[in-house]
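Data block below; observations after.
First the proteins, then the strands, lettered A, B, ... as listed; each starts at 1.
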Number of protein chains: 2
Amino acid sequence: MIETYLLEHLLAFHKFGTLSAAAEQLHLAQPSVSRSMQKLESELGVTLLIRSKNRVELNESGKLAAEYAKRILEKEEEMIRHIRAFDRANRTIMVGSCAPGPLMFLFPKITSFFSEMTISSDIVEEEVLLQGLKRDDYQLIIAPKHLESEEFYCQKYLREHLYLSVNNFHPAATYKSITFAEMDGQNFIMYAKVGIWEDILREKMPHAKLYKQADLDAVGEIASASDLPSFSTNITQQLLPSRVMNRVNIPFSDEEAHADFYIACKQSDKKRFSALLNLLKQA
Amino acid sequence: MIETYLLEHLLAFHKFGTLSAAAEQLHLAQPSVSRSMQKLESELGVTLLIRSKNRVELNESGKLAAEYAKRILEKEEEMIRHIRAFDRANRTIMVGSCAPGPLMFLFPKITSFFSEMTISSDIVEEEVLLQGLKRDDYQLIIAPKHLESEEFYCQKYLREHLYLSVNNFHPAATYKSITFAEMDGQNFIMYAKVGIWEDILREKMPHAKLYKQADLDAVGEIASASDLPSFSTNITQQLLPSRVMNRVNIPFSDEEAHADFYIACKQSDKKRFSALLNLLKQA
DNA sequence: ATCACTTACGGGTGACGTAAAAATC
DNA sequence: GATTTTTACGTCACCCGTAAGTGAT
């Protein structure tokens with residue numbers, strides 16, 4: 001059988017036209033490539049090169065061989081990429097969520113159950129979640145609705161409540177609760193990837209300006225430094241206690257400020273995640 | 001890049017289940033295959049094997065890799081086969097003919113013009129000739145009709161005349177000429193591959209028995225040893241003089257006993273064969 | 001002289017075999 | 001004990017680089 005390096009040398013020669021150029025491209029001395037061509041010819045038992053005294057070029061058989069070399073080498077590269085990706089996918093749990101809070105809450109638990117795995121997560125829209133779960137882009141998703149498909153296992157996960165987060169000097173600081181309508185039209189600083197919360201905010205406060213920050217830490221920083229109101233939830237208050245310094249959290253009383261989240265996986269993965277899912281049921 | 005021998009070792013392991021069996025199949029010692037698997041894993045950076053103390057098997061990544069190995073190795077084998085066939089085709093002139101006489105006449109001329117090429121020939125039906133010329137199965141064909149297609153170049157080649165060949169004691173031995181009708185119903189010994197002549201004989205002498213001999217030399221031998229009549233032509237008389245010993249050749253007077261043959265090649269090959277074709281025009 | 005290729009020679013990597021150890025059946 | 005795998009070690013093949021030679025531009 002023909003060794004791969006011979007195909008590489010052949011392809012380089014085909015691409016660059018001379019043995020010297022091919023050798024340079026391959027980071028080899030010219031004689032190596034010359035010998036490789038000879039070896040290839042001898043193994044095939046077919047002349048591939050037209051040798052003038054001072055010049056070599058591929059004959060028709062050589063060109064055919066080069067075509068094959070190209071295809072085979074591409075196939076090998078595809079093999080390497082695919083296997084590495086497959087392996088990576090096998091050591092990675094991809095989690096998709098429609099909101100950051102439930103994800104942050106899940107993260108420490110999932111890492112403790114799957115300590116050797118890489119956990120990778122995304123905040124995306126509901127449709128992407130479902131498609132992704134179906135196509136194995138995600139192994140776990142956190143959805144805003146219960147999934148009814150036979151293909152998936154789905155259970156109630158948690159309920160998140162939205163709060164207004166303001167400093168002590170804000171007019172609303174003393175309120176026991178507040179409504180979206182009361183805050184509409186004001187400027188807010190908020191985390192960029194809040195998933196469905198953004199939809200809710202934009203619907204309930206159509207005149208509010210939302211200054212989105214890609215960096216989660218920056219949200220707290222900027223909120224503290226400015227007097228801009230921001231948002232928190234029962235979950236972020238628990239997981240990011242640093243952000244509540246000098247700030248008060250006033251619950252929104254609107255119904256839309258309370259969201260239920262569901263966690264789901266493929267039926268075929270239910271066993272694998274059962275310990276984790278049971279723990280979440282209790283909490 | 002991954003060398004071919006690693007893929008071969010992987011595939012053998014996949015096929016035979018154990019490293020020892022794979023090694024035996026590959027005519028190698030077990031440690032070689034063991035090392036190859038390790039090397040493969042290290043080059044891919046991916047674990048491919050589940051190692052128990054006394055047992056190894058492919059994991060999912062390994063199975064995927066084995067699939068790729070199979071496909072790549074098949075591709076390489078296809079490459080080898082295809083290139084060798086292509087090369088062979090390039091050093092071979094395939095000649096198709098509808099009759100053996102014109103072919104025998106052509107053979108010495110074509111070999112002298114293309115001394116370095118292998119000449120390969122076939123006696124087949126007219127439709128096969130045309131298809132074969134079109135599909136490059138044949139580079140030259142000898143046809144019973146002039147080809148009118150734009151795709152081909154065609155010229156008159158020669159005229160062949162059929163003779164009855166009998167020993168001196170045969171009743172017809174003294175005839176100046178004879179007809180098919182007069183000989184119908186008798187038994188003949190003849191060469192198996194006479195192309196269109198067989199069609200003609202069967203049509204004109206529907207009651208004759210034709211004992212076909214695959215070996216050309218055997219026809220003469222058997223004809224001499226027996227008293228069976230056989231056939232000859234102006235061409236075979238010229239090229240196979242040994243066969244006319246103790247035999248007389250009586251021309252058939254029927255019109256169908258005289259056949260015109262045409263030689264043709266692809267227009268794209270006309271230049272290549274021009275010297276040969278010109279020589280044939282003169283003869 | 002420069003360029004392109006081939007041949008010749010020497011060196012080092014690595015593929016392989018043998019031997020031995022460990023573990024399982 | 002037989003089988004299977006891995007590790008250790010020595011050997012040899014072979015791939016590569018350097019150097020020299022040939023021929024063409």
Side-chain angles (χ1 to χ4, degrees), chain A residues 1-63 65-66 69 72-73 76 80, chain B residues 1-63 65-66 69 72-73 76 80:
Chain A
M1 192 61 67
I2 299 170
E3 287 306 318
T4 304
Y5 76 93
L6 293 177
L7 300 182
E8 288 175 329
H9 293 192
L10 174 65
L11 185 59
F13 175 56
H14 179 54
K15 272 191 191 163
F16 294 94
T18 72
L19 296 181
S20 338
E24 189 182 357
Q25 161 70 15
L26 293 165
H27 305 293
L28 291 176
Q30 290 93 332
S32 273
V33 187
S34 177
R35 275 190 304 261
S36 292
M37 296 302 99
Q38 292 166 18
K39 175 156 191 168
L40 203 46
E41 287 180 304
S42 109
E43 293 200 1
L44 286 168
V46 170
T47 301
L48 302 176
L49 300 163
I50 302 167
R51 296 160 201 274
S52 323
K53 278 299 173 189
N54 194 25
R55 179 85 194 154
V56 202
E57 55 182 337
L58 291 175
N59 63 20
E60 292 306 310
S61 299
K63 287 175 189 166
I72 291 170
L73 291 171
E76 269 194 44
I80 294 172
Chain B
M1 192 61 67
I2 299 169
E3 287 305 318
T4 304
Y5 76 93
L6 293 177
L7 300 182
E8 288 176 329
H9 293 193
L10 174 64
L11 185 58
F13 175 57
H14 180 54
K15 271 190 189 164
F16 295 93
T18 73
L19 295 181
S20 339
E24 189 181 359
Q25 161 71 15
L26 293 165
H27 304 293
L28 290 176
Q30 292 94 330
S32 273
V33 188
S34 178
R35 275 190 304 262
S36 292
M37 296 301 100
Q38 291 167 17
K39 175 156 191 167
L40 204 47
E41 286 179 304
S42 109
E43 293 200 3
L44 285 168
V46 170
T47 301
L48 302 176
L49 283 75
I50 303 166
R51 296 158 200 278
S52 322
K53 277 299 172 190
N54 193 26
R55 179 88 195 151
V56 204
E57 55 183 335
L58 292 174
N59 63 19
E60 292 307 310
S61 299
K63 287 174 189 167
I72 290 170
L73 292 172
E76 269 195 45
I80 294 172

Can you tell me which nucleotide in [options] comes closest to the side chain of [X]?
X: Tyr5(A); options: dC16(D), dT3(D), dC16(C); answer: dC16(D)
X: Arg51(B); options: dT6(D), dA4(C), dT7(C); answer: dT6(D)
X: Ser20(B); options: dG23(D), dT18(D), dT5(D); answer: dT5(D)
X: Pro31(A); options: dT6(D), dT6(C), dC16(C); answer: dT6(C)

Starting from [atom2] on [N], measure out to [atom1] on [X] and report it in whole angstrom.
X: Met37(B); N: dT4(D); atom1: CE; atom2: C1'; value: 15 Å
X: Ile50(B); N: dT4(D); atom1: CD1; atom2: C1'; value: 16 Å
X: Arg55(B); N: dC25(C); atom1: CZ; atom2: C1'; value: 12 Å
X: Lys53(B); N: dA21(C); atom1: NZ; atom2: C1'; value: 12 Å
X: Glu8(A); N: dC16(D); atom1: CD; atom2: P; value: 10 Å
X: Leu19(B); N: dA23(C); atom1: CG; atom2: C1'; value: 15 Å
X: Leu49(B); N: dT5(D); atom1: CG; atom2: P; value: 10 Å
X: Glu24(B); N: dG17(C); atom1: CD; atom2: C1'; value: 16 Å

Looking at [X], does any N or O in its side chain come under 4.0 Å of the phosphate oxygens OP1/OP2 on [N]?
X: Ser32(A); N: dG17(D); answer: yes
X: Gln30(A); N: dC16(D); answer: no
X: Lys39(B); N: dG14(C); answer: no
X: Ser34(A); N: dT6(C); answer: yes

Checklist entry - Taking the nucleotide of DNA chain D with the closest heavy atom to each, which residue, Glu3(A) or Gln38(B), is nearer the 5' end? => result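 Residue closer to the 5' terminus by nearest nucleotide: Gln38(B).
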
Checklist entry - If you find the nucleotide of DNA chain D closest to Asn54(A) and the one closest to His27(A), which residue's nucleotide is nearer the 5' end? => result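 Upstream on the strand: His27(A).
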
Checklist entry - Just how far is it from atom CG of Leu28(B) to atom OG of Ser34(B), taken to the nearest 0.5 Å? => result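 One gets 12.0 Å once the value is rounded to the nearest 0.5 Å.
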
Item to check | Distance, nearest 0.5 Å, that separates CE of Met37(B) from CG of Leu58(B) | outcome: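 Taking CE in Met37(B) and CG in Leu58(B), the distance rounds to 8.0 Å.
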
Item to check | Result of checking Glu57(B), Glu41(B), Gln38(B) against Leu49(B) for side chain to side chain contact (heavy atoms under 4.5 Å, CB included) | outcome: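 The residue from Glu57(B), Glu41(B), Gln38(B) that satisfies side chain to side chain contact (heavy atoms under 4.5 Å, CB included) with Leu49(B) turns out to be Glu41(B).
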
Checklist entry - So, does Thr4(B) use its side chain to make a donor-acceptor pair with the main chain of Ile2(A) at under 3.5 Å? => result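 Judged by distance alone, yes, a pair lies under 3.5 Å.
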
Next on the checklist: Over all strands shown, is Arg35(A) touching base, sugar-phosphate only, or nothing at heavy-atom distances under 4.0 angstrom?
Outcome noted: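 It contacts base atoms.
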
Checklist entry - What about the rings of Tyr5(A) and His9(A), do their centers lie closer together than 6.0 Å? => result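 Ring-ring flag for Tyr5(A)/His9(A): true, centres closer than 6.0 Å.
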
Next on the checklist: For Leu28(B) and Gly17(A), find the nucleotide of DNA chain C closest to each by heavy atoms; which residue's nucleotide sits nearer the 5' end?
Outcome noted: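 The residue whose closest nucleotide sits nearer the 5' end is Gly17(A).
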
